[in-house]
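So the structure is just underneath, and the comments pick up after that.
All values below come from the heavy atoms of this structure, side chains included, with hydrogens, waters and symmetry mates left out. A note on names: the letters A, B, ... follow the listed sequences, proteins ahead of strands, and every chain is numbered from 1.
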Protein chains: 2
Amino acid sequence: MDEGGPAPRRPATMRDVAEYASVSPMTVSRVLHDDPRVSPVNRERVLAAVKALGYRRNEVARNLRLGRTSGLIGLVVTNLANPFYSQFALGVESVAGENDLKVVLANTDEDAERERQLVKELIARRVDGMIVVPAGSDHAHLDPKAAGSVPVVLGARPPAGPEIDSVLVDDFGGAREATAALVAAGHTRVGFLGLPPSVWTSAERFRGFCVALEEAGLPLDERYVRRQQRTIPAAEEAARDLLRLRRPPTALFCANSRNTLGAIRATRQLAPETTLAGFDDFELADVLGVPLIVVAYDPRELGRQAAGLLVQRLSAPADRALDLLTRRIVVPTKVVRYGMS
Amino acid sequence: MDEGGPAPRRPATMRDVAEYASVSPMTVSRVLHDDPRVSPVNRERVLAAVKALGYRRNEVARNLRLGRTSGLIGLVVTNLANPFYSQFALGVESVAGENDLKVVLANTDEDAERERQLVKELIARRVDGMIVVPAGSDHAHLDPKAAGSVPVVLGARPPAGPEIDSVLVDDFGGAREATAALVAAGHTRVGFLGLPPSVWTSAERFRGFCVALEEAGLPLDERYVRRQQRTIPAAEEAARDLLRLRRPPTALFCANSRNTLGAIRATRQLAPETTLAGFDDFELADVLGVPLIVVAYDPRELGRQAAGLLVQRLSAPADRALDLLTRRIVVPTKVVRYGMS
DNA sequence: CTGTTAGCGCATTCAC
DNA sequence: GTGAATGCGCTAACAG
């Protein structure tokens with residue numbers, strides 16, 4: 001293959017190539033730019049030197065000289081282990097790639113302080129922009145207008161305070177529609193399992209749940225509401241609690257997939273006839289053999305849209321990029337029914 | 001918060017800060033380094049200027065000057081939508097973070113040509129090292145000894161040719177053990193569903209499958225072998241084929257999760273009494289109510305180990321880093337039984 | 001304690 | 001066609 005270049009310990013520079021080819025660095029630079037004003041002879045020599053030395057242009061230095069930024073965008077997510085975020089990341093990466101941008105990945109583990117730190121580092125590295133799924137509720141450090149001036153797009157959760165572009169799921173609408181489907185099926189005692197109210201998405205879904213009940217003229221029974229489960233075991237336990245009530249709910253709405261999975265485990269044992277509805281679709285939902293209503297959406301599309309917004313801002317005239325109107329895109333949801341043949 | 005700095009359109013430079021504070025750039029640099037040899041007065045002035053201008057040190061220029069590399073490592077995976085790779089990425093990210101490295105993410109979509117392109121770009125960006133899940137079988141472009149000289153660690157698939165560090169799963173052992181469990185349960189007609197033989201992991205798993213049969217004195221019936229399914233529907237179709245044979249297999253070994261999921265769908269309809277075993281654990285395996293043997297392992301640990309190897313090489317003396325012995329780490333697997341109470 | 005000089009690798013002037 | 005000079009933003013190594 002490569003005919004055994006001297007395996008340079010310190011990557012070859014343009015000067016190295018120039019010396020090897022007995023030309024000036026400038027000529028090398030021109031060849032690398034396909035500048036036509038280079039004699040064929042020299043072009044050949046340079047190309048040969050490049051190959052011999054295994055030279056690769058240093059994009060970092062190049063960008064510094066050009067005053068361009070890094071060609072990098074930061075992607076800060078809360079939990080890459082969650083399929084939602086990995087699909088989201090995939091969407092971001094694909095659109096970024098199409099626009100000749102690379103993605104620097106960072107995981108906050110839902111730690112707001114870590115997020116601040118990571119954002120600072122990314123800015124110092126001169127990322128051209130950032131896509132952030134914010135962990136906390138204070139978004140001041142994400143304000144593009146503040147010091148740093150880096151375009152930011154928020155994913156899945158809306159900005160609190162500063163005007164920042166965002167791409168959201170129709171949490172409210174999806175929850176409302178799924179709950180309405182439960183009610184339409186005749187259920188009057190519907191339980192709710194969700195994350196703590198401090199998590200915006202879950203709060204919105206709870207709001208959708210409440211509105212759907214209200215629209216059906218059903219009361220909201222707080223004994224049927226559990227909003228503290230962050231893990232599958234916790235969700236299972238909470239679901240058990242509800243099912244053990246003297247008048248248990250006949251249906252459960254679960255505000256995220258972890259709660260849905262916990263509820264599935266609980267109902268399977270305690271009350272298999274309970275109808276389940278949940279936010280987030282998941283693999284195997286159709287095979288479970290349990291009647292299940294699911295609020296589905298495309299997390300990858302969410303990522304694509306977020307990257308799209310960012311790219312738009314990046315391609316705006318540099319001095320006006322931050323003056324564009326703040327935009328908010330809401331990705332639709334779709335209610336899917338499984339196992340109710 | 002930030003008291004309305006002038007929102008600089010072009011990020012402030014050290015010189016801007018120096019002028020604002022009426023000192024030399026050098027003094028600014030020192031303050032930013034916590035160099036004690038700066039008068040408290042000047043330190044205050046600089047700090048004030050930094051805040052007023054929203055200055056952030058340009059790490060790119062800094063690294064260029066220091067001759068350091070980027071502090072970035074490249075992570076090239078084949079399919080981030082696959083939970084395996086997202087967990088893998090998470091493991092890489094966590095260890096990288098602990099070592100003050102950031103991760104540049106790239107997805108090849110199993111396209112070897114795209115991989116070559118991405119690897120080139122990453123090298124041009126002067127990543128300090130790369131972790132790659134190779135898509136093709138030609139790994140010449142990944143050889144650290146070739147031009148480029150960037151340390152590389154391969155994940156999940158071993159190097160073909162060049163000597164490259166790698167972190168692998170015990171594909172052979174896991175498949176052999178799971179198959180043996182099937183045989184021990186009395187099955188004599190065991191089918192195999194897998195990816196094409198060109199995929200190394202799947203080939204290894206097939207090898208484990210074959211050896212287990214051989215060790216049990218069972219013949220390998222090629223009519224029970226299907227090795228072309230890359231998607232869940234294709235796997236389901238292949239499983240149906242096997243189950244429709246006049247003497248169908250009584251158990252199936254599935255070489256990856258997509259084949260397992262397809263097989264579950266097929267058996268559920270056609271032959272619920274079929275015993276299933278599969279490589280890769282997955283969520284809800286316990287809830288399916290189907291007897292299931294699973295080969296489990298920790299993809300996050302795989303990522304951690306890969307990053308660990310890379311970090312080791314990066315911290316070796318620069319001129320000797322490439323001379324270390326090539327290492328290969330094999331992460332163990334564990335056979336788990338579900339629904340066979 | 002502080003400033004000046006020089007240069008990391010590259011590319012845009014502007015000369016020849 | 002080609003090359004020399006200059007500077008991107010930053011910081012070691014020297015002066016002062």
Ignoring hydrogens and angles, write down the donor-acceptor pairs under 3.5 Å from the side chains of residues 18-31 of chain B, residues two or more places apart or on other chains.
residue	atom	partner	partner atom	Å
B:S24	OG	B:M26	N	3.2
B:S24	OG	B:T27	N	3.4

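Neither OP1 nor OP2 of C:dC8 sits under 4.0 Å from any side-chain N or O of A:T13. Between B:T27 and the phosphate of C:dC1, there is no side-chain N or O to OP1/OP2 separation shorter than 4.0 Å.
Look at CG on B:L66: it is 12 Å from C1' on C:dG7, rounded to the nearest Å. With rounding to whole Å, B:R126 atom CZ is found 12 Å from C:dC8 atom C1'. In this structure, the CZ atom of A:R15 is 14 Å from the P atom of C:dA11, given to the nearest Å. The CD-C1' distance, from A:E59 to C:dG9, rounds to 11 Å in whole Å. To the nearest angstrom, C1' of C:dC8 lies 17 Å from CZ of A:R62. Here C:dG9 presents its P atom at 13 Å from CG of A:L53, a figure rounded to the nearest Å.
Checked by atom type and distance alone, the side chain of B:D109 never pairs as donor or acceptor with a backbone atom of B:D111 at under 3.5 Å. The backbone N or O of A:V38 sits nowhere less than 3.5 Å from a side-chain atom of A:N42 that would complete a donor-acceptor pair.
Protein chain A contacts DNA chain D over a range whose 5' and 3' limits, counting nucleotides with an atom under 4.0 angstrom from a non-hydrogen atom, are D:dG1 to D:dG9.
Between the side chains of A:E113 and A:Q117, no donor-acceptor pair of N or O atoms lies under 3.5 Å. Between the side chains of A:E115 and A:T108, not a single donor N or O lies within less than 3.5 Å of an accepting N or O.
When each of A:A61 and B:M26 is assigned the nucleotide of DNA chain C with its nearest heavy atom, B:M26 is the one assigned upstream, toward the 5' end. Position along DNA chain C of the nearest nucleotide to B:R65 versus A:R65 favours B:R65 as the more 5'-ward residue.
You'll find the side chain of A:L101 reaches within 4.5 Å of the side chain of A:D128, heavy atoms only.
Counting non-hydrogen atoms under 4.0 angstrom, B:L64 reaches a base of the nucleic acid. Contact annotation for A:M14: backbone-only contact, meaning every heavy-atom pair under 4.0 Å involves sugar-phosphate atoms and none involves a base. Within 4.0 Å (heavy atoms only), B:R37 reaches at least one base atom of the nucleic acid. Among the heavy atoms of the strands lying under 4.0 Å from A:N42 are primed sugar atoms or P, OP1, OP2 only; no base atom is included.
Under the 4.0 Å criterion applied to side-chain N and carboxylate O atoms, A:E110 and A:R157 are assigned as salt-bridge partners.
Contact annotation: side chain of B:R30 to base of C:dG3, donor-acceptor pair present below 3.5 Å.
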